[in-house]
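See structure below.
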2 protein chains.
Amino acid sequence: MGADEDAVIGRRGSRPKGVARRQEILDRAIEVFREQGASGTSLRRIAEAIGVSHAALLHYFDSREQLLVAVYAHAEQNHENPPGLRPGIDTMIHAARRNVDIPGLVTLYSTLLAASLEDEEGVGRDFFTARFDVLRGSITESLRVQQREGLVRDDVPAEHLAALLIAASDGLQIQWLLDPGVGLESTLQTLGVLLRPPA
Amino acid sequence: MGADEDAVIGRRGSRPKGVARRQEILDRAIEVFREQGASGTSLRRIAEAIGVSHAALLHYFDSREQLLVAVYAHAEQNHENPPGLRPGIDTMIHAARRNVDIPGLVTLYSTLLAASLEDEEGVGRDFFTARFDVLRGSITESLRVQQREGLVRDDVPAEHLAALLIAASDGLQIQWLLDPGVGLESTLQTLGVLLRPPA
DNA sequence: GTCTATACTTTGATAGAC
DNA sequence: GTCTATCAAAGTATAGAC
């Protein structure tokens, strides 16, 4: 493999490829998603919308899955947490609200996540495993602090609450997509009430 | 349609198509999932495992998606709620435990659900919309009763709790698949604690 | 380094033969 | 009712132009 050769030869490895152009492609790909939603996400359709051949995309990304994961990761990191807000219910509500704003982002997330369950070896597998790990970790830590401050009930383990927060947020966004009457934000607020210490 | 002809002609009606054969195919397809998991779910692979051509499957199911939805629906209905248990945390835990027992069932569910988000017109769309609707409805009703009985806190709307229960269960099963250390059952038990009325 | 052209393979789906 | 043949689309991989 070329990468191995680089490592062996001693070249300063891992400058994936044209970083600038790669970013450019990602940005335009996100635009495609913002306009067309999750439909027509085949390599050829994306390439056509960007104005290159589908093979060109594979010059920067090893596979369609890798491209889509990069697109999602890029979109997710573009709207990071507002400063001064500790990970918890409020940040989840904030994130959910914005996810729903970008058409196709929740769908893309769900599709890639499902694909990562199917393929033990895929690129998405590592991404989502790490994502959940980091998310659970930071939320757990934040909740533990809030438990000490008396802001969150401390009769249940913070790890469980963190996993529940993420699961509820993910699941509710899907339910909301299928039936907007579900009330995404208000339901998450209710979960926030459940976290409060008993008066 | 053949079924209509039968009815008009007066033959002993309503053998829509090969109902028996259709069931047979479904049963064997589920076996394939139980053994091989969610991998190799292409029409040709399933057909090969059953011993027919892939076109034969399309004789009984209009599309691959319809077949897979039927497979999931069949598997889900096969393990219905234990009698005497009202819809709520306990039934969700019960269901989650069994889902996790059948390899590939959670993955199949997630995949079909994601696909239904992508395709506004697909067969899965109606299925999942209806499924969530029915689930939320029955759980809401059950929780309302338990609120009156003092078993569930009544300072939050039962509809929200129902949506949260389903979302948490769905989301946790996925997190558990990616990292079994998550503690599916114990985390759901914790959610049960959150539902209890403040002492 | 960047990209096009092209071909290979799998897949879902359809049409028609038996 | 089932198969064979066939198609179009898609992901992937390679060769080579610039």
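Keep in mind it's a predicted model, so treat the numbers as computed, not measured. Throughout, protein chains are lettered first and strands after them, A, B, ... in sequence-line order, and every chain is numbered starting at 1.
The side-chain heavy atoms of A/Leu67 and A/Leu26, taken from C-beta on, include a pair separated by under 4.5 Å.
Between A/Glu48 atom CD and C/dA5 atom C1' there is a gap of 17 Å when expressed in whole angstrom units. In this structure, CD of B/Glu24 is placed 13 Å from C1' of D/dG1, rounded to the nearest angstrom. A/Ile50 has its CD1 atom 11 Å from the P atom of C/dT4, to the nearest Å. Across the protein-nucleic acid pair, A/Leu57 atom CG and C/dT2 atom C1' stand 12 Å apart, rounded to whole Å. Going from atom CZ of B/Arg64 over to atom P of D/dA10 covers 15 Å, rounded to whole Å. When the P atom of C/dT2 is taken as reference, atom CZ of A/Phe61 falls 12 Å away, rounded to whole Å.
Residues satisfying the salt bridge (Lys or Arg N to Asp or Glu O under 4.0 Å) test with A/Asp155, not counting sequence neighbours, are A/Arg153. Partners of B/Arg86 according to the salt bridge (Lys or Arg N to Asp or Glu O under 4.0 Å) rule, which considers only residues two or more places apart in sequence or in another chain, are B/Glu149. With sequence neighbours excluded, no residue forms a salt bridge (Lys or Arg N to Asp or Glu O under 4.0 Å) with A/Glu121. Taking A/Glu141 as the reference, nothing meets the salt bridge (Lys or Arg N to Asp or Glu O under 4.0 Å) condition, with sequence neighbours excluded.
Looking at residues 27-46 of chain B, you'll see B/Ser42, B/Leu43, B/Arg44 sit with a heavy atom under 4.0 Å from some atom of DNA chain C.
Across A/Leu58 and A/Ser63, no two heavy atoms sit closer than the pair CD2-CA, 3.9 Å.
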> What string of B, S and - do you get for nucleotides 13-18 of chain D 5' to 3' if you count protein non-hydrogen atoms under 4.0 Å?
Replying inline: B-----
Would you give me the side-chain donor-acceptor pairs under 3.5 Å for residues 30-55 of chain B, sequence neighbours excluded?
from: B/Thr41; atom 1: OG1; to: B/Arg64; atom 2: NH2; distance (Å): 3.0
from: B/Ser42; atom 1: OG; to: B/Arg45; atom 2: N; distance (Å): 3.2
from: B/Ser53; atom 1: OG; to: B/Ala56; atom 2: N; distance (Å): 3.3

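Counting non-hydrogen atoms under 4.0 angstrom, B/Ala56 reaches the backbone sugars and phosphates but no base.
Within the structure, every pair that satisfies the ring-ring contact (aromatic ring centres under 6.0 Å, His included) test and touches residues 115-140 of chain A, not counting sequence neighbours, is listed here: A/Tyr109-A/Phe128. Residue pairs meeting the salt bridge (charged side-chain N to carboxylate O under 4.0 Å, His left out) criterion with at least one partner in residues 175-185 of chain B, sequence neighbours excluded, are A/Arg136-B/Asp179, B/Arg97-B/Glu185.
Side-chain nitrogen and oxygen atoms of A/Tyr60 include at least one within less than 4.0 Å of the OP1 or OP2 phosphate oxygen of C/dC3.
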